[in-house]
Amino acid sequence: MNPEPQPLSRTHTCGELRPTQIGEEAVLMGWVQRSRNLGGVTFIDLRDRWGITQVVVDQKRAPEAHELADRLRGEYVIAVRGTVEKRPAGTENPALPTGSIDVLGSELHILNESKTPPFAVEDDAVITETLRLRYRYLDLRRPHLQANLMLRHRATMAVRRYLDQHGFIEIETPMLTRSTPEGARDFLVPSRLSPGKFYALPQSPQLFKQLLMVAGYERYFQIARCFRDEDLRADRQPEFTQIDIETSFLTREAFFALLEGMIQALFRDAAGRDVRPPFQRLSYADAMDRYGVDNPDTRFGVELRDLSDVAALTEVKVFKEQLAAGGIVKGIAVPGCAGYSRKELDDLGRLAADFGGKGLFWMKRTAEGLQAPFGKHAGEGQLAAMAERLAMVEGDLALIAADAPAIVAPVLGNARKIMAQRLNLASSEALNFLWITEFPLLEYDAEARRYVAVHHPFTAPVEADVPLFHSEPNKIRAQAYDLVLNGQEIGGGSRRIHRREVQNLMFSALGLSQEEAQEKFGFLLEALEFGTPPHGGIAFGLDRLIAIMARMPSIREVIAFPKTQRGADLMMNAPSAVEPAQLRELNLQVR
RNA sequence: GGGGUCGUAGUUCAGUUGGUUAGAACGCCGGCCUGUCACGCCGGAGGUCGCGAGUUCGAGUCUCGUCGACCCCGCCA
């Protein structure tokens with residue numbers, strides 16, 4: 001009954017045996033996926049990281065092994081010695097790469113038993129998220145998660161290989177660093193040796209990599225863990241991984257070419273998929289105008305069109321009011337949705353509220369012509385003009401929003417994405433990379449009643465826009481860029497400020513006094529005075545990138561031990577309470 | 001901080017206008033079976049209906065609260 005110590009030495013994996021090895025002896029080890037006892041013969045599907053091989057144990061030829069095989073249950077760990085044999089004609093399993101052979105077992109050892117697992121260790125098992133995370137080590141046995149983590153490994157290997165070949169060096173930066181203003185909420189770590197003071201976990205290695213440029217390393221990278229204490233989403237975890245890159249002396253063009261080469265190598269080496277640089281580019285302003293969002297999915301059209309001039313000619317009250325108040329009227333044409341019911345249209349209108357809007361107008365083009373609830377106030381000519389502007393064909397449904405530009409864009413931009421998903425407009429095979437350039441440097445935060453950095457406080461302004469710091473800070477363009485893949489931001493970066501006077505301008509635009517700037521970023525300001533080269537960089541969200549490559553809906557599927565939406569680790573039960581003595585040592589008191 | 005979906009056997013789910021002993025499938029346990037691969041056949045065990053109050057003669061079902069998972073808005077330089 002007792003499991004034995006490992007008595008055999010493994011010779012092959014469960015994924016490699018083929019007809020060429022017929023007649024050879026093999027020793028396999030792994031987990032029992034399933035066993036089928038037919039009485040005189042037992043079949044065992046044996047699984048390891050490399051695949052599944054069927055083991056046959058015959059009562060007559062190996063009576064001892066056959067008796068032992070009767071005790072096998074799912075997830076038992078076993079060792080089998082046997083001979084590779086061709087399966088009898090008609091019993092091959094085309095679903096398995098190893099399906100034309102099996103291993104005729106002569107010797108069987110149970111290396112360990114297993115409790116009945118709380119869920120089946122197989123891909124098509126339907127399991128709640130709670131259970132998966134509680135037993136993550138069992139979840140991770142499932143083939144698709146193993147494939148995801150192996151993909152992730154190949155991807156980081158490809159990145160390291162490519163960057164190494166291009167003169168980059170990987171440098172580690174501290175995890176215990178200081179809290180800085182701006183940006184996300186920090187995770188704090190109390191300092192025992194400095195009572196009442198705290199380290200912060202890095203939101204990114206931003207300042208360290210810039211200081212490495214000051215230090216003359218010129219080409220740095222790091223597969224870096226980052227921490228942000230913000231609310232979670234399907235694509236956001238409190239700790240996540242970036243491919244962090246910084247370079248000196250490169251023009252933007254040279255830098256983009258380098259990165260496009262890296263993405264190409266990454267997709268080729270990790271996923272065998274073809275990516276062809278150069279990538280498309282779109283300015284932030286054009287992206288907002290045509291797609292309403294700064295991360296447009298360009299795998300399908302359905303672009304936003306401005307209808308303000310036509311709307312001004314109508315007697316539609318909302319149009320007139322919004323236009324008078326400085327608003328705009330824009331629309332999109334959704335293919336094939338003219339048959340939508342009243343309820344479906346109402347639901348779409350409510351969807352606008354999710355993004356700050358009050359509702360959506362609609363217009364249908366059917367065989368009977370154009371219909372819109374606002375039709376009688378618009379006039380035939382104006383309806384036709386709008387339909388023409390939106391290039392509507394029969395069967396199309398137009399969705400129209402009238403509001404401030406800052407509302408219209410997200411309402412239509414997100415309606416566009418949601419409808420495309422519903423109608424399956426985007427090819428799942430396509431890889432549409434897109435650089436978004438010339439982000440604004442600053443935006444006004446009404447709540448904080450000051451300007452905040454759109455990217456971060458070290459982003460260089462477009463040189464020609466520097467004088468605007470004194471007049472119209474919100475008009476300054478940044479030398480910042482995002483890389484978007486199929487409608488998801490996968491990376492973002494910028495050229496950095498490398499002159500102290502510009503950094504001073506930036507800090508004061510952000511409402512930081514000289515004293516505060518000195519207190520919080522004095523080390524950076526001082527460093528900028530010691531011969532800082534022009535430099536810039538980027539960080540790619542590795543988790544998102546891998547999730548897209550693996551066609552997974554959530555980054556949890558490509559992270560070995562992810563956290564729930566409340567930031568909990570259900571397996572280890574983190575976070576947890578700590579002993580009073582630990583708190584005393586840290587001079588902390590819990591309220 | 002806000003909106004939404006969900007929580008019933010080990011698992012995934014069903015459960016009628018509130019009414020007898022809460023069902024199914026898979027899994028599990030026992031038996032039979034020599035070419036299965038979702039093996040098959042026979043038999044069996046298994047329930048804090050997330051938790052706590054309330055309404056009611058009676059609550060899986062209705063109400064309130066609470067806990068948890070997921071999706072979204074805010075937030076995430």
Side-chain angles (χ1 to χ4, degrees), chain A residues 33-46 52-61 66 70 73-75 85 87-96 98-99 102 104 115-122 124-135 138 180-186 203-204 206-207 226-238 240 347 350-357 410-411 414 418 439-443 445 447-448 451-459 478 480 482 489 492-494 506 510 539 541 553-554 556 563-566 568 570:
Chain A
Q33 180 68 40
R34 192 172 270 118
S35 68
R36 293 172 292 279
N37 184 346
L38 273 62
V41 66
T42 297
F43 298 94
I44 304 160
D45 294 337
L46 189 60
I52 288 181
T53 293
Q54 177 169 275
V55 174
V56 186
V57 184
D58 187 292
Q59 188 172 38
K60 290 221 175 72
R61 285 189 274 189
H66 186 264
D70 193 44
R73 298 292 181 270
E75 301 310 308
E85 60 164 22
R87 292 203 194 186
T91 64
E92 299 89 353
N93 185 349
L96 290 179
T98 58
D102 54 34
L104 183 65
K115 286 171 57 173
T116 301
F119 53 81
V121 179
E122 56 193 26
D124 39 12
V126 184
I127 327 166
T128 59
E129 206 70 9
T130 317
L131 205 60
R132 293 182 59 188
L133 293 176
R134 165 84 178 76
Y135 298 97
L138 296 180
T180 53
E182 304 289 312
R185 192 177 295 113
D186 284 319
Q203 294 176 29
S204 81
Q206 184 60 35
L207 288 166
C226 304
F227 304 86
R228 294 178 189 176
D229 189 6
E230 298 291 348
D231 287 355
L232 280 62
R233 288 284 190 287
D235 62 354
R236 287 186 348 217
Q237 285 272 307
F240 61 99
D347 287 345
R350 263 193 294 281
L351 184 149
D354 285 347
F355 304 97
V411 166
N414 286 295
I418 289 164
F439 278 81
L441 186 72
L442 299 163
E443 69 185 346
D445 181 334
E447 204 178 320
Y451 284 100
V452 295
V454 170
H455 187 49
H456 59 52
F458 320 106
T459 299
D482 277 358
E489 181 203 324
S494 62
M506 183 69 175
L510 294 174
S554 164
R556 285 189 300 271
K563 293 180 173 58
T564 70
Q565 198 164 43
R566 280 183 163 80
L570 297 181

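Below, chains carry the letters A, B, ... as their sequence lines are ordered, and counting in each starts from 1.
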Could you state the atom-to-atom distance from [atom1] of [X] to [atom2] of [N] in whole Å?
X      : N      : atom1 : atom2 : value
A/H66  : B/rC33 : NE2   : P     : 10 Å
A/R134 : B/rG68 : CZ    : P     : 16 Å
A/E122 : B/rG27 : CD    : C1'   : 10 Å
A/L138 : B/rG10 : CG    : C1'   : 13 Å
A/Q33  : B/rC39 : CD    : C1'   : 15 Å
A/N414 : B/rC72 : CG    : C1'   : 10 Å
A/I127 : B/rC70 : CD1   : C1'   : 15 Å
A/R233 : B/rC76 : CZ    : P     : 11 Å

Given [options], identify the nucleotide with an atom nearest to the side chain of [X].
X      : options                : value
A/L133 : B/rC33, B/rC70, B/rU11 : B/rC70
A/T128 : B/rU12, B/rG35, B/rU34 : B/rU12
A/R34  : B/rA38, B/rC75, B/rG35 : B/rA38
A/R73  : B/rG10, B/rG68, B/rG30 : B/rG30
A/L38  : B/rC71, B/rU36, B/rC28 : B/rU36
A/R87  : B/rU36, B/rC33, B/rG74 : B/rU36
A/V41  : B/rC33, B/rU34, B/rC70 : B/rU34
A/N93  : B/rC71, B/rC76, B/rC37 : B/rC37
A/R228 : B/rC37, B/rC76, B/rA69 : B/rC76
A/E129 : B/rU11, B/rC71, B/rA69 : B/rA69

Heavy atoms under 4.0 Å, any strand shown: does [X] hit a base, just sugar-phosphate, or nothing?
X      : answer
A/F119 : nothing
A/T42  : nothing
A/Q54  : base
A/D229 : nothing
A/L131 : sugar-phosphate
A/Q237 : nothing

Between [N] and [M], how many Å separate the two [atom1] atoms, rounded to a whole number?
N      : M      : atom1 : value
B/rU11 : B/rU21 : P     : 26 Å
B/rU36 : B/rA45 : C1'   : 27 Å
B/rA9  : B/rA22 : C1'   : 10 Å
B/rG74 : B/rU56 : C1'   : 42 Å
B/rG7  : B/rG52 : C1'   : 16 Å
B/rC41 : B/rC26 : P     : 9 Å
B/rA24 : B/rA69 : P     : 32 Å
B/rG54 : B/rC71 : P     : 36 Å

In Watson-Crick or G-U wobble terms, both distances under 3.5 Å, what is the partner of [N]?
N      : answer
B/rU56 : none
B/rC75 : none
B/rG46 : none
B/rC6  : B/rG68
B/rA25 : B/rU11

>> Could you report the tightest heavy-atom contact between A/A453 and A/H456, atom names first, then the distance?
In response: CB-C, 3.5 Å
Would you say [X]'s side chain and [Y]'s backbone share a donor-acceptor pair under 3.5 angstrom?
X      : Y      : answer
A/R185 : A/D229 : yes
A/T459 : A/L441 : no
A/S554 : A/A234 : yes
A/Q203 : A/A184 : yes

Determine: side-chain N/O of [X] to OP1/OP2 of [N], distance under 4.0 Å, yes or no.
X      : N      : answer
A/R566 : B/rA69 : yes
A/R556 : B/rC71 : yes
A/Q565 : B/rC71 : yes
A/R36  : B/rU36 : no

>> Taking atom types as they are modelled, would you say the side chain of A/D354 forms a donor-acceptor pair with the base of B/rG3 within the 3.5 Å cutoff?
In response: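 No such pair is found, so the answer is no.
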> If you pin A/P118 and A/G90 to their nearest nucleotides in RNA chain B, which one's is more 5'?
Replying inline: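 Comparing both residues, the 5'-ward one is A/P118.
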>> If you assign each of A/K563 and A/V454 to its closest nucleotide in RNA chain B, which residue comes earlier from the 5' end?
In response: A/K563
> With A/R556, which of A/Q237, A/Q565, A/E129 fulfils side-chain hydrogen bond (donor to acceptor under 3.5 Å, both in side chains)?
Replying inline: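 With A/R556 as partner, A/Q237, A/Q565, A/E129 yield a single side-chain hydrogen bond (donor to acceptor under 3.5 Å, both in side chains), made by A/E129.
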> Looking at A/D231 and A/R236, does any basic side-chain N land under 4.0 Å from a carboxylate oxygen?
Replying inline: no
> Could you state the interatomic distance from CG (A/L38) to CG (A/D58), rounded to the nearest 0.5 Å?
Replying inline: 11.5 Å
>> Could you go through A/Q54 and A/N93, starting from their C-alpha distance and side-chain angles, then the distance that decides it, and tell me whether this counts as side-chain contact (heavy atoms from CB on, under 4.5 Å)?
In response: CA-CA 10 Å; A/Q54 177 169 275; A/N93 185 349; over 6 Å; no
